[in-house]
2 protein chains.
Amino acid sequence: MPVRQADVAKEAGVSPRTVSNVINGHPHIRPETARRVREAIAKLRYVPNPSAQTLRTGRVGILGFAVPDLSLPYFAELATLMTREAAERGYTLLLDVTSGRAEAEQHVVSGLRPRVMDGLIMSPLALCPEQLTDSAGGKPLVLLGEWGVQKSPLAYVGVDNVTAAASATRHLVETGRRRIAAVGPVRGRTGGAASQRLDGYRQALTEAGLAVDERLVVEVDRLDREGGQAAMAALLAAGDLPDAVFCFNDLVAIGLCWAAQEAGLRIPADLAVIGWDDTPEARWARPAISSVRADTEQLAQRSVAALVGQIEHDEPPRHEYVAHHLRARTSTTGRPYRPGETVEGPDWERLPPPAVRPR
Amino acid sequence: MPVRQADVAKEAGVSPRTVSNVINGHPHIRPETARRVREAIAKLRYVPNPSAQTLRTGRVGILGFAVPDLSLPYFAELATLMTREAAERGYTLLLDVTSGRAEAEQHVVSGLRPRVMDGLIMSPLALCPEQLTDSAGGKPLVLLGEWGVQKSPLAYVGVDNVTAAASATRHLVETGRRRIAAVGPVRGRTGGAASQRLDGYRQALTEAGLAVDERLVVEVDRLDREGGQAAMAALLAAGDLPDAVFCFNDLVAIGLCWAAQEAGLRIPADLAVIGWDDTPEARWARPAISSVRADTEQLAQRSVAALVGQIEHDEPPRHEYVAHHLRARTSTTGRPYRPGETVEGPDWERLPPPAVRPR
DNA sequence: CTGAAAGCGCTTACAG
DNA sequence: CTGAAAGCGCTTACAG
């Protein structure tokens, strides 16, 4: 019932081979022939059958993007950008929600899925690169979070967590804070972005001549508002409050601010707070919350480019860093802020655009 | 290089036909044969090639879900639920972000996409059902928003916007409000959910013996925080402030609260505010914002069921309603609220679960 | 209950 | 520059 290539060929008075050539843009086709074929395609509203194409060529035209949690605005934003980025290169993006469960991540990577995708971009939470390496089903894989990827043979795109975290911490120091807490390592999960951010945090404190007090490093169950709320409760219960908190994402910062304000603390007078991801919710919070922003456009662009490069040109996997910025707002500066304004932090950093670090 | 059905057949000492029968669960297979086949499958780690299956059967195993905007938490939540729901029925969910552009919506429905999906669930923003009807590419389509679907032949799943909006408005009346504004119709877009919510709003006001003041109906450019901010600015500029606002989603409510508080208004003492979607951001706002919640689990479950029913059993399209609830919080009641608590509104409503209204 | 064979709709060496 | 033909890996009437 649907129109086939053969119907187009008959309509245009050529062989199917020629129709295929026109569609796939092969050179050396007589302009007149090409025109006739194109007219026939338009007239019959012919659309090639993707399954037949895939069966024949082994190429699917689909990139996978596996995210742990779409309710994190960071991933929702990234998914939107990736969809666009993939479309520009002629691919469709297939989104997979793993909920951070190891089983789901495993399934995406090694299960049925590889067959319906040409490659996968993933932000692993439960699985570490070693577990992913073998199982990628032979398809190219690009990693987005970090999980001790330094020594992994897999491709990786992300921000330099150490530098960015140091920059956030330094910002707190420069606004006069001395007892700075860090909230965000996830209980029971070691390595990954969190440990790099802790490195940056400790490094900046040491450079500023401040002591590192391990009691001020607070773990959370999840990087969500409830986690931030619980962390603030723990800090309050411990007494000897910090005068600033570096939160590993905005949701944690929001929950923490909630609990702090509930306890009568003023932000930033009593407690400065900085988050991570630069979500709209942080910009619209009262007071507006300072945040570290990864350049998500670059992230989407580079990771899709890296994946397509592996797929189409067999490029070797490499590690790549994207820019980050510090958005200083009321929760650290005390200065009024209206959503929509962009206030670069005093010591914001930007890595040179094609910051490629070959492995 | 990958293992094919024929390899499994040879390993098990049967014909490909038998392997296919075992995989597809055909009856009347000798248990001993089935066991041998299954062992061979496991041993060789055979996975059927989906493209070949699709080419042969015409069935893809993929459901599409087209959303206008993943940064709306409502859609992010729905996407997560739908993914799970689809997986339970053996389908993969393909997410498409249309950004509410007519062109993108058209493309999803009529473009290349229908060939890679068995059916589509979509929340149209720019296109009305009439435009969608012809173009569905012959594949089943389930609509999620409303766009004057009452008379559309397309399947529809959603909340009863009239009833829910009336309920929200009545709640404001019952907490003593008399000048109640409605913020949310999108400028230049007529019909759809917004006009139904306006109907419910007017209906409730009239029933309460209050006059409907059309100057209190405020349009927005988009249903986002900026839209709410601008709407509040307009209300402030107009003078003669309302004492309550019914916002058509939580983002608008959040932007509106921001602007109201910036102007020195106290919520709810000076202005009561209720939103729609019951997002976490509304629960964690200060004060916590009351909201109308559609039962998203039901929505996901019913819409996937309706789509799969059309695909697999050729069921006729029908209109179906899911339950909604009113979550009364500080922004209307003035009572303290801690995120995580569930406070049903005094006049919350729930439609009987299988609320099917055949067309 | 299972084999041998055709065909889903493409692409692509192989000829001309 | 274009035709005729094979084959990608499945499923399924058709026989037995």
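Just so it is clear: chains get the letters A, B, ... in the order the sequence lines come, proteins before strands, and each one is counted from 1. As the structure is a computational prediction, the values presented were derived from the model and not from experiment.
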Listed partners of A:Glu77 passing side chain to side chain donor-acceptor pair (under 3.5 Å), at least two apart: A:Thr296
Distance in angstrom units between B:Asn21 CG and C:dC1 C1', rounded: 9 Å
Expected rows: protein N/O vs nucleotides 3-5 of chain D N/O, under 3.5 Å:
residue	atom	partner	partner atom	Å
D:dG3	OP2	A:Ser15	N	2.6
D:dG3	OP2	A:Ser15	OG	2.6
D:dG3	OP2	A:Thr18	OG1	3.1
D:dG3	O6	A:Arg17	NH1	3.4

Full working for side chain to side chain contact (heavy atoms under 4.5 Å, CB included) between A:Leu94 and A:Phe65: CA-CA 6 Å; A:Leu94 184 63; A:Phe65 180 35; over 6 Å; no
Given DNA chain C, 5'-ward residue of the pair A:Val19 and B:Arg56, judged by closest heavy atom: B:Arg56
C:dG16 and C:dT12, which share atom name C1', separated by this distance in whole Å: 16 Å
d(CG, A:Leu55; C1', D:dA6) in whole Å: 13 Å
Between CG on residue B:Leu307 and CZ on residue B:Arg302, distance to nearest 0.5 Å: 15.5 Å
Whole angstrom value for the distance that separates P of C:dC8 from CZ of B:Arg59: 18 Å
Stepwise side chain to side chain contact (heavy atoms under 4.5 Å, CB included) test for A:Arg56 and A:Gln53: CA-CA 5 Å; A:Arg56 189 57 239 240; A:Gln53 289 176 311; 5.9 Å; no
Minimum side-chain heavy-atom gap A:Tyr91-A:Val308 below 4.5 Å: yes
side-chain N/O A:Gln53 vs C:dG9 OP1/OP2, d < 4.0 Å: no
Nearest-Å distance for atom pair CD1/P, residues B:Ile23 and D:dT12: 12 Å
For B:Asp69, all residues meeting side chain to side chain donor-acceptor pair (under 3.5 Å), sequence neighbours excluded: B:Ser71, B:Arg222
Involving DNA chain C, stems made of at least three consecutive Watson-Crick or G-U pairs, both distances under 3.5 Å: C:1-3 with D:14-16, C:5-12 with D:5-12, C:14-16 with D:1-3
Heavy-atom side-chain contact between A:Thr98 and A:Val67 under 4.5 Å: no
Expected output: side-chain A:Arg59 to main-chain A:Thr54 donor-acceptor under 3.5 Å: no
Test side-chain contact (heavy atoms from CB on, under 4.5 Å) applied to B:Gln310 - qualifying residues, sequence neighbours left out: B:Pro140, B:Val142, B:Ala155, B:Pro317
Contacting residues from residues 4-12 of chain B, given that a heavy atom lies under 4.0 angstrom of DNA chain D: B:Arg4, B:Gln5
Rounded distance in Å - CG (A:Asn49) to P (D:dG9): 17 Å
Phosphate-side-chain proximity, A:Ser20 and C:dT11, N/O vs OP1/OP2 below 4.0 Å: yes
Working for side chain to side chain contact (heavy atoms under 4.5 Å, CB included), residues B:Thr92 and A:Asp96: CA-CA 9 Å; B:Thr92 295; A:Asp96 243 302; 5.6 Å; no
Worked check of side chain to side chain contact (heavy atoms under 4.5 Å, CB included) between A:Glu297 and A:Arg84: CA-CA 10 Å; A:Glu297 303 234 3; A:Arg84 200 176 62 199; 3.7 Å; yes
